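Single-structure report; data block below.
Only a predicted model underlies this, so the values are computations on that prediction, with no experimental measurement involved.
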Amino acid sequence: MTVAHIQDISQYEGQNVTIRGWLHNRRSSGKIHFLMLRDGSGFMQAVMSKAAVGDEIFTRADHLGQETAVSVEGTVRADTRAPGGYELDVSGLEVVGPSADYPITPKEHGVDFLLDRRHLWIRAERQQAILRVRHEIIRGVRDYFDSRDFVLADTPIFTPSACEGTTTLFPVQYFEDTTAYLTQSGQLYNEANAMALGRVYSFGPTFRAEKSKTRRHLTEFWMVEPEVAYATLDDAIDLAEGLVVSVVERVLDRRARELKTLERDTSKLEKVKAPFPRISYDDAVKILHDKGMPFEWGGDFGGPDETAISDHFDRPVAVHRYPSAVKAFYMKPDPNRPEVALGVDVLAPEGYGEIIGGGQRLDDYDLLLQRIREHKLPQEAFEWYLDLRRFGSVPHSGFGMGIERVVSWVCGLEHVRETIPYPRMLYRLYP
């Protein structure tokens with residue numbers, strides 16, 4: 001008997017196949033059981049009649065618990081009323097692994113209850129749809145850079161120093177008396193990679209020990225970080241714009257079923273086209289003042305500020321030239337206006353805030369050393385980074401894009417915690 005995956009079931013119309021998976025739920029009507037199966041690739045209804053399978057199998061199916069592992073044989077039949085357009089007429093059933101008293105039932109459960117059982121919650125159709133969109137976004141990111149001859153250059157997770165300040169670092173005991181830190185970003189090392197390879201990107205987990213409980217924050221998340229030698233701020237914005245447009249188009253094309261499951265308004269995603277609006281920090285502040293929001297020039301934007309700015313546009317907006325004081329030590333000042341940095345944040349529409357942050361890096365040795373000292377960072381930990389300015393320094397730019405925030409926006413989620421299989425947040429380290 002051919003073993004078929006539900007996602008490929010259209011290839012087997014009229015054939016006898018075996019579906020190996022789990023019983024998502026079931027209902028009965030007289031002498032017929034309607035079994036909703038899932039196999040990791042999709043969901044499909046199997047119709048079991050007592051006349052077709054006999055009393056023994058029919059009675060066995062009547063007592064199967066939710067999430068029982070089963071192997072079901074039957075004939076694939078087209079049915080326009082069925083989810084996915086096909087059903088399975090059952091001829092046989094084998095119980096592979098029983099399940100009793102499955103804790104997540106069709107009734108409403110609280111978020112904490114579900115997060116404590118996240119290892120089971122990801123079996124739900126909605127959660128699977130989110131994780132499939134996440135997978136597509138990651139594939140899209142890799143393909144975007146790989147097709148442009150970027151080199152994937154991995155950066156360390158253990159680092160000797162901070163990338164963006166020391167207050168949000170997770171310390172790790174690193175043999176004897178040495179303390180290492182979980183990386184906040186691969187950017188500094190990626191700058192070194194770019195000096196060797198020209199166009200590079202890193203893609204991996206990053207860690208921020210922020211005691212934040214907002215819907216946009218995780219303590220462990222994944223970030224893609226391209227870095228390009230001989231690139232300007234405008235080059236970085238062009239690259240970011242192309243990446244976002246490419247990824248959104250890919251999800252719309254390849255994950256329509258999942259977006260439908262999530263009840264996502266795809267008309268809003270279809271507006272994500274180049275060019276994106278590009279406004280200065282000064283312009284953004286003016287938008288806030290025009291909306292009657294109190295904001296003092298020189299501060300960084302909070303979540304409500306980002307939402308108010310992005311609500312002004314129907315697609316992502318690139319906000320550039322923030323005050324140097326609110327940006328990291330490595331950000332290059334605007335030569336024509338040193339009080340602002342050649343940095344950019346890309347804000348997603350619909351209130352999802354910053355999804356990309358980056359800009360042009362400081363390539364002057366003396367000024368970089370001055371910044372390290374002003375930020376009271378240990379110079380010895382950054383000697384290798386200063387070497388990049390000692391030996392053939394060039395203008396260069398890059399950015400970081402948080403995968404979970406992009407998934408949250410594309411899927412239209414209320415909270416970033418659903419965008420990763422096992423979210424790590426303030427006060428949550430289980431399961």
Side-chain angles (χ1 to χ4, degrees), residues 134 137 141 163-165 168 184-187 203 206-208 210 212-226 233 236-245 247-248 268-269 272 276-285 287-288 291 293 295 298-328 330-331 340-360 397-417 419-420 425:
R134 175 192 174 96
I137 288 172
V141 166
C163 175
E164 298 184 4
T168 60
Q184 298 170 315
S185 165
Q187 178 211 311
F203 202 159
T206 54
F207 307 86
R208 303 282 173 94
E210 293 180 78
S212 174
K213 296 176 70 174
T214 79
R215 68 187 184 96
R216 298 177 180 176
H217 285 87
L218 297 171
T219 57
E220 176 186 336
F221 56 98
W222 284 69
M223 193 152 61
V224 59
E225 299 180 90
L233 170 63
I237 297 175
D238 288 343
L239 189 66
E241 179 182 88
L243 172 63
V244 173
V245 169
V247 164
V248 171
K268 295 182 178 179
L269 295 177
V272 181
F276 292 170
R278 301 183 184 190
I279 64 173
S280 69
Y281 172 90
D282 295 339
D283 296 331
V285 171
I287 289 174
L288 295 178
K291 290 176 178 284
M293 298 180 66
F295 186 86
D300 204 359
F301 297 132
D305 303 315
E306 291 178 346
T307 297
I309 295 164
S310 64
D311 280 348
H312 208 67
F313 307 96
D314 66 353
R315 65 195 69 192
V317 54
V319 183
H320 56 82
R321 290 175 171 80
Y322 283 71
S324 298
V326 300
K327 288 300 179 183
Y330 51 73
M331 201 69 77
V340 299
L342 296 177
V344 62
D345 286 350
V346 177
L347 310 181
E350 304 176 69
Y352 283 92
E354 179 193 343
I355 54 173
I356 287 176
Q360 191 165 340
S397 300
F399 60 81
M401 184 175 85
I403 294 299
E404 286 73 20
R405 288 194 180 183
V406 174
V407 174
S408 184
W409 162 48
V410 171
C411 290
L413 306 181
E414 286 295 320
H415 199 292
V416 75
R417 63 192 165 212
T419 63
I420 191 169
M425 300 178 292

Any donor-acceptor N/O pair, Arg315 side chain to Pro349 backbone, under 3.5 Å:
no
Looking only at non-hydrogen atoms, find the nearest pair between Asp305 and Gly302 and report the distance.
OD2-N, 2.9 Å
Spatial distance of atom CE (Met293) from atom CD1 (Ile309) [nearest 0.5 Å]
8.0 Å
Got a second to check how far Ile287's CD1 is from Phe295's CZ, nearest 0.5 Å?
12.0 Å
Can you confirm whether Gln184 sits close enough to Thr206 that some side-chain heavy atom of one is under 4.5 Å from a side-chain heavy atom of the other?
no
Looking at side-chain heavy atoms only, is the closest gap between Arg321 and Leu233 below 4.5 Å?
yes
Nearest atoms (heavy-atom pairs only) where Met425 meets Leu218
CG-CD2, 3.5 Å
Quick one: CZ on Phe221 to CE on Met223, what's the gap to the nearest 0.5 Å?
5.0 Å
If we only count heavy atoms from C-beta on, is the Arg208 to Thr219 side-chain gap below 4.5 Å?
no
Please list, chain by chain and in numerical order, all residues satisfying salt bridge (Lys or Arg N to Asp or Glu O under 4.0 Å) with Asp282, sequence neighbours excluded.
Arg337
For a side chain to side chain contact (heavy atoms under 4.5 Å, CB included) check, start with the C-alpha distance between Phe399 and Val344, then their side-chain angles and the critical distance, and finish with the verdict.
CA-CA 8 Å; Phe399 60 81; Val344 62; 5.7 Å; no
What I want to find out is whether Asp238 reaches Arg278 closely enough, with some N-O distance under 4.0 Å, to be called a salt bridge.
yes
Heavy-atom closest contact (Glu220 atom, Ile420 atom, distance)
O-CD1, 4.3 Å
Geometric class of the Tyr322/Phe301 ring pair [parallel <30°, tilted 30-60°, perpendicular >60°]:
perpendicular
Atom CZ in Arg216, atom CD1 in Ile355: separation rounded to 0.5 Å?
11.0 Å
Heavy-atom donor-acceptor pair, Tyr352 side chain to Val410 backbone, under 3.5 Å
no
Heavy atoms, side chains only, cut-off 4.5 Å: are Val272 and Trp409 in contact?
yes
In short, Ser397 meets Ala236 closest at the heavy-atom pair CB-CB, 4.0 Å
So, the side chain of Glu404 versus the backbone of Thr419: is there a donor-acceptor pair under 3.5 Å, distance only?
no
When you measure from the side chain of Arg405 to the backbone of Glu354, do you find a donor-acceptor pair of N or O atoms at a distance under 3.5 Å?
yes
When rounded to the nearest 0.5 Å, the distance separating CG of Asp283 from CG of Leu288 is 11.0 Å
Looking only at heavy atoms, the pair that brings Arg215 and Glu414 closest together is CD-O, 3.2 Å
For residues Trp222 and Val141, determine if any side-chain heavy atom of one lies less than 4.5 Å from a side-chain heavy atom of the other.
no
Run the side chain to side chain contact (heavy atoms under 4.5 Å, CB included) test on Val244 and Phe276 for me, step by step, so that the C-alpha distance in whole Å, both residues' side-chain angles and the decisive distance to 0.1 Å come before the verdict.
CA-CA 10 Å; Val244 173; Phe276 292 170; 3.9 Å; yes
Shortest non-hydrogen contact between Ala284 and Val319, atoms and distance
CB-CG1, 4.1 Å
Between Ile279 and Phe313, is there a side-chain heavy-atom distance shorter than 4.5 Å?
yes
Look up atom CG in Leu347 and atom NE2 in His312, then write down how far apart they are to the nearest 0.5 Å.
13.0 Å
